[in-house]
Amino acid sequence: MSELPGRTQPLLEIENLHVEYRTLDGIVKAVNGLNLRIDEGKALGLVGETGAGKTTTALAVMKLVPTPPGVITAGSVRIAGREILPLGDAEMQHLRGNQVSMIFQNPMASLNPVHDVGSQIAEVIRLHQGVSPREARVRAAGMLRAVGIPENRAGDFPHEFSGGMKQRVMIAIALACRPRLLIADEPTTALDVTIQAQVIDLIKSLKRDYSGAQLLITHDLGLVAEMCDDVAVMYAGRVVEKADIAELFQNPRHPYTLGLFGSLPNLKKSVHRLRSIGGLSPDPKMLPRGCPFHPRCAERMDVCTERTPSESVVGAGHTVCCWKYSESGGTR
Amino acid sequence: MTEQLLEVVDLVKHFPLPRNQRVHAVDGITFNIAAGETLGMVGESGCGKTTAGRAIVRLIEPDRGRLIYRGQDITHLAGAELLSMRRRMQIIFQDPYSSLDPRKSAGQLIAEPLLIHRWGTRGRIRERVRELLEQVGLTPDMVSKYPHELDGGRCQRIGIARALALGPEFIVCDEPVSALDVSIQAQILNLMKDLQERLSLTYLFISHNLAVVKHISDRVVVMYLGVVVETAPTEALFEDPLHPYTQALLSAIPIPAVGERRSRIILSGDVPTPVNPGPGCRFHKRCWLASPVCGEAAPKMVDAGGGHLVACFRVSEGAVIQ
């Protein structure tokens with residue numbers, strides 16, 4: 001990856017990651033040569049539609065890709081400079097919670113219904129930090145307070161909380177060991193807008209105190225504008241465009257990114273018809289030759305159907321994988 | 001003014017719970033829908049929008065209130081009369097996967113309403129199915145596909161074709177694009193707009209997504225906990241929301257643009273439960289502007305001018321009571 005002067009050391013660095021699921025119906029190529037980096041103190045938004053490989057990427061960073069059928073076939077994932085893919089279960093166990101932690105999409109399905117929330121938070125602290133059960137319980141109460149839940153509710157069970165409160169508990173669990181990297185996979189998708197606003201506010205305010213960097217996975221460009229410093233747009237298992245948010249939102253280049261913006265109904269100005277993208281996301285079992293977006297692309301050229309474009313630099317820290325920009329911007 | 005297609009008058013639907021509790025799902029809502037317009041209905045989960053939509057097309061029986069369709073009271077229609085009414089009003093459901101019978105092919109699914117209503121001979125039905133497929137942007141070879149072979153966007157197109165089959169003039173669209181990805185969502189929204197123009201349809205468009213509602217609606221109804229808190233033409237509602245809940249709702253939407261810092265209103269607490277709500281304004285417990293009167297009586301809907309109606313004591317003090 002291009003090393004820009006003056007940038008801090010990356011906390012997360014993913015290079016050429018390939019993940020596939022070997023199913024009875026064929027090989028699902030979920031992630032296909034993904035490159036990504038997040039610097040210390042930054043929040044990166046990973047945007048894309050269903051099946052783009054966002055969640056698989058996150059699971060690979062946690063080394064939680066379900067195996068079988070999932071296999072990480074190639075690539076490198078470094079957290080704070082340390083390569084994690086060769087690590088064994090025990091070492092990963094130590095890394096999870098302390099170095100990297102994840103908030104899952106559906107808080108209703110991710111909490112254990114038969115344990116009270118206090119002990120679910122305490123469990124994480126006990127496992128990853130090796131403190132006594134009593135100490136873990138005290139710290140768990142402190143975490144509840146940090147996410148805005150009164151301590152005296154530590155003995156309550158998940159069903160006694162609303163959706164927004166459950167997501168707060170999930171956040172408390174994820175941040176309990178002060179991880180350096182927090183991954184949030186669609187953290188507010190299951191929530192109503194007014195509750196979503198509360199949770200966004202909470203994650204933003206906790207970022208300073210609890211975690212160095214964040215990877216926010218979402219399909220909502222609005223959330224990214226609200227919460228992130230940088231954005232990476234994913235399509236068919238690859239990052240097709242990345243830049244800081246000001247650059248990407250003002251100057252999107254990849255035809256898919258442009259299509260995404262055109263598809264969004266705008267609250268500020270009215271349009272009669274949305275500029276939608278025709279067609280469907282490709283089946284990851286049968287990815288098209290060349291650029292995976294070419295069947296839906298209005299600006300398709302001959303080369304697009306033949307060869308996969310590599311990253312072109314189109315601006316400061318702004319890269320695009322598209323043949324349209326491969327000469328003008330200069331390839332790597 | 002254009003002709004009113006549907007008048008909803010003080011519609012109530014409660015669901016009983018054990019121990020004499022009641023879920024006040026829809027608690028006296030009143031609004032009109034003009035012929036040819038799209039009325040958006042927004043609100044968070046549990047505010048009663050789906051119950052309202054279903055009660056309006058008589059899929060569930062309202063407890064009280066009246067539904068006037070083109071001047072005719074349809075609240076208590078039954079049997080053959082109800083069946084013939086159903087040709088004129090249809091519904092599109094939220095989840096395109098679970099609302100389609102997985103054992104029927106696209107062709108059978110679209111033909112189903114035609115068969116139920118004895119629409120015509122087999123030959124004519126086959127022809128109509130072909131016509132409908134084309135209208136919703138599906139290719140003729142889709143006729144033999146089953147829902148599991150199709151993606152969400154195509155399934156929703158089948159749902160739309162089913163709703164259109166009998167040539168209705170009014171369609172309740174209950175979160176029709178919520179389960180879809182943005183690029184597919186845009187395709188379906190464009191399709192729905194095109195169909196509305198071509199077939200002069202009237203929509204009640206229910207959604208929690210304010211950007212989508214703004215895009216498609218002429219007027220918007222905002223619901224909170226079973227009641228309507230504000231109704232206005234779309235522009236007026238988004239430019240100048242009057243009810244504190246609407247203001248909070250609008251300010252909470254993350255906007256996909258940078259450099260637009262807005263003052264945010266973050267509501268504390270959760271949406272309260274619609275089980276046995278107390279007296280007073282439904283919103284007063286989360287409202288940062290509430291005064292003692294808000295906890296005592298429910299505010300009446302007042303006209304703030306230009307068809308902008310709002311139920312809030314702060315507005316009603318200075319406004320003309322309707």
Side-chain angles (χ1 to χ4, degrees), chain A residues 47-52 148 161-165 188 190-202 218-228 231 244-250 256 259-268 270-281 283 296, chain B residues 42-47 137 150-154 177 179-191 193-194 197 207-216 224 234-235 238 245 248-262 264-273 286:
Chain A
V47 184
E49 298 183 278
T50 315
F161 291 87
S162 65
M165 298 273 263
T188 60
L191 308 175
D192 276 317
V193 230
T194 60
I195 308 301
Q196 166 173 288
Q198 296 170 0
V199 172
I200 294 174
D201 214 40
L202 175 69
T218 181
H219 63 277
D220 185 343
L221 286 161
L223 267 189
V224 170
E226 198 88 30
M227 299 180 71
C228 299
V231 203
D244 65 58
I245 58 165
E247 170 71 12
L248 190 109
F249 280 74
Q250 277 152 23
Y256 176 65
L260 274 186
F261 279 109
S263 295
L264 286 177
N266 194 319
L267 275 171
K268 286 274 168 271
S270 299
V271 289
H272 185 63
R273 281 179 69 88
L274 297 167
R275 252 185 312 116
S276 67
I277 311 171
L280 303 169
S281 294
D283 180 349
R296 303 175 78 185
Chain B
V42 293
E44 298 179 274
S45 17
C47 74
L150 302 172
D151 64 284
R154 291 212 180 98
V177 296
L180 308 175
D181 269 322
V182 276
S183 69
I184 309 302
Q185 173 179 302
Q187 294 172 6
I188 299 292
L189 288 174
N190 283 340
L191 171 69
K193 273 204 160 183
D194 293 345
E197 276 164 29
S207 178
H208 69 282
N209 186 328
L210 288 143
V212 166
V213 164
K214 175 168 192 274
H215 173 73
I216 202 156
Y224 188 77
T234 307
E235 281 299 308
F238 283 85
Y245 175 64
L249 199 62
L250 292 182
S251 85
I253 322 169
I255 294 202
V258 279
E260 285 190 41
R261 283 294 115 214
R262 302 166 298 153
R264 271 211 128 150
I265 306 163
I266 296 187
L267 295 177
S268 57
D270 292 305
V271 183
T273 125
R286 292 174 88 195

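Proteins come first, then strands; the chains are lettered A, B, ... in the order of their sequence lines, and each starts at number 1.
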Open item on the list: Between Asp194(B) and chain A, with a heavy-atom cut-off of 4.5 Å, which part of the residue counts as in contact: side chain, backbone, both or neither?
Closed with: side chain
TODO: Measure Val224(A) against the heavy atoms of chain B and call it side chain, backbone, both or neither at under 4.5 Å.
DONE: neither
Task: chain A contact via Leu189(B) - side chain, backbone, both or neither, heavy atoms under 4.5 Å - done: side chain
Task: Euclidean distance, Leu274(A) CG relative to Ile216(B) CD1, rounded to 0.5 Å - done: 8.5 Å
Task: Option from Thr194(A), Leu202(A), Ile195(A) for which side-chain contact (heavy atoms from CB on, under 4.5 Å) with Gln198(A) holds - done: Ile195(A)
Open item on the list: Checking the side chain of Asp181(B) only, and the main-chain atoms of Ile184(B) only, is there a donor and an acceptor separated by less than 3.5 Å?
Closed with: no
Open item on the list: I'd like to know which of Glu235(B), His208(B), Arg154(B), Arg264(B) tops the heavy-atom pair count under 4.5 Å against chain A.
Closed with: Arg264(B)
Task: Asp151(B) portion near chain A, given a 4.5 angstrom heavy-atom threshold - done: side chain
TODO: Measure up the Phe249(A) and Phe261(A) rings against each other and bin them: parallel (under 30°), tilted (30 to 60°), perpendicular (over 60°).
DONE: perpendicular
TODO: Give, for atom NZ of Lys214(B) and atom CG of Leu267(A), the distance between the pair rounded to the nearest 0.5 Å.
DONE: 6.0 Å
- [ ] Kindly compute the distance separating SG (Cys228(A)) from CD1 (Ile245(A)), expressed to the nearest 0.5 Å.
- [x] 7.0 Å
Open item on the list: As an exercise: rank Leu250(B), Val182(B), Asn190(B) by heavy-atom pairs under 4.5 Å with chain A and give me the winner.
Closed with: Asn190(B)
Open item on the list: Please report the interatomic distance CG(Leu210(B)) to CG(Leu249(B)), rounded to the nearest 0.5 Å.
Closed with: 4.5 Å
Task: Thr234(B) portion near chain A, given a 4.5 angstrom heavy-atom threshold - done: neither
Task: Heavy-atom pair count under 4.5 Å with chain B, highest-scoring of Asp220(A), Asp192(A), Leu221(A) - done: Asp192(A)
Task: chain A contact via Gln185(B) - side chain, backbone, both or neither, heavy atoms under 4.5 Å - done: side chain
Open item on the list: With a 4.5 angstrom heavy-atom cut-off, is it the side chain or the backbone of Ile266(B) that approaches chain A, or both, or neither?
Closed with: side chain
Open item on the list: I need the residue from Arg275(A), Met227(A), His272(A) with the largest number of non-hydrogen atom pairs under 4.5 Å to chain B.
Closed with: His272(A)
Open item on the list: Please identify, among Gly164(A), Gly259(A), Ala246(A), Gly163(A), the residue contributing the most non-hydrogen atom pairs under 4.5 Å to chain B.
Closed with: Ala246(A)
Task: Criterion side chain to side chain contact (heavy atoms under 4.5 Å, CB included) on Gln196(A) and Leu223(A), from CA distance to verdict - done: CA-CA 10 Å; Gln196(A) 166 173 288; Leu223(A) 267 189; 4.2 Å; yes
